[in-house]
Amino acid sequence: MTYTLPKLKYAYNELEPHYDALTVEIHYSKHHQTYVTNLNNLLTKAPTNFREMTLDELMVNLDKLPTDVATGIRNNGGGHFAHSLFWEQFIPHGKAISGKILELIERDFGSFSQFQEAFSNLAKSNFGSGWTWLVLDENKKLKVINTSGHNTPLELGLKPLMLIDVWEHAYYLKFQNRRAEWIDSFWNILDWDYINSRLENYLR
Ligand code: MN
């Protein structure tokens, strides 16, 4: 299996003014591409059966790989997984939240605004480079969690629904040190229909 950069559903400038064109272009065509290239190179050093796995399978079988290859695949496979979901969850101008995802957010966080606050506060407190995720746990309950580097919730048996990249490369060109502004801005471009479809798949 050779991995490729997934096609974006929008042009680089279509997430403006919330996510600027230059950051999207560099983040996608340079940073994300590097993780894909590195992942493909690393897989040539992994046992054959690892090359036939899906990315999700690969990320939950890292403990079966030699340590040096496993670390590289955790970083670059995790990077490819997280960034693919990151791009997929966006839509120009955003889409309003409704359906099952809203129902479960209200059940597990009290209200949408309480969820937003919990998620944003966690993202703001994520020290160094990492991601903040909305996940479904083994009891079908929603949770927000932080991971560092490119570690994914898949390894913890959690199902990822949406996420924010808080590595500096995700926001520094426009927001510089103002990570909180990037996190506030991010809410304007989410495609809740897509996030809801991920949830429905996991609940099936
Ligand atoms: Mn990134």
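Because the structure is predicted, anything quoted here is derived from the model rather than measured. All ligand and atom numbering here is 1-based and tracks the order in the structure. Just so it is clear, the values below take in all heavy atoms, side chains as well, and ignore hydrogens, waters and symmetry mates.
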Can a donor-acceptor pair be found between the side chains of Trp87 and His32 at a distance below 3.5 Å? yes
Listing by chain and number, what protein N/O/S atoms are under 2.8 Å from the Mn ion (ligand 1)? His27 NE2, His83 NE2, Asp165 OD2, His169 NE2
Taking NZ, NE, NH1 and NH2 as the nitrogens, is one of them in Glu155 or Arg74 under 4.0 Å from a carboxylate oxygen of the other? yes
Of all residues at least two apart in sequence or in a different chain, which pass the salt bridge (charged side-chain N to carboxylate O under 4.0 Å, His left out) check with Arg179? none
Testing Thr152, Leu122, Val144, Leu158 one by one against Trp133 for a side chain to side chain contact (heavy atoms under 4.5 Å, CB included), which residue passes? Thr152
Salt bridge (charged side-chain N to carboxylate O under 4.0 Å, His left out) partners of Asp137, counting only residues at least two apart: Lys143
Please list every donor-acceptor pair under 3.5 Å in which a side-chain atom of residues 60-69 meets a protein atom from a residue at least two apart or in another chain.
from	atom 1	to	atom 2	distance (Å)
Asn61	OD1	Lys64	NZ	2.7
Asn61	ND2	Glu57	O	2.7

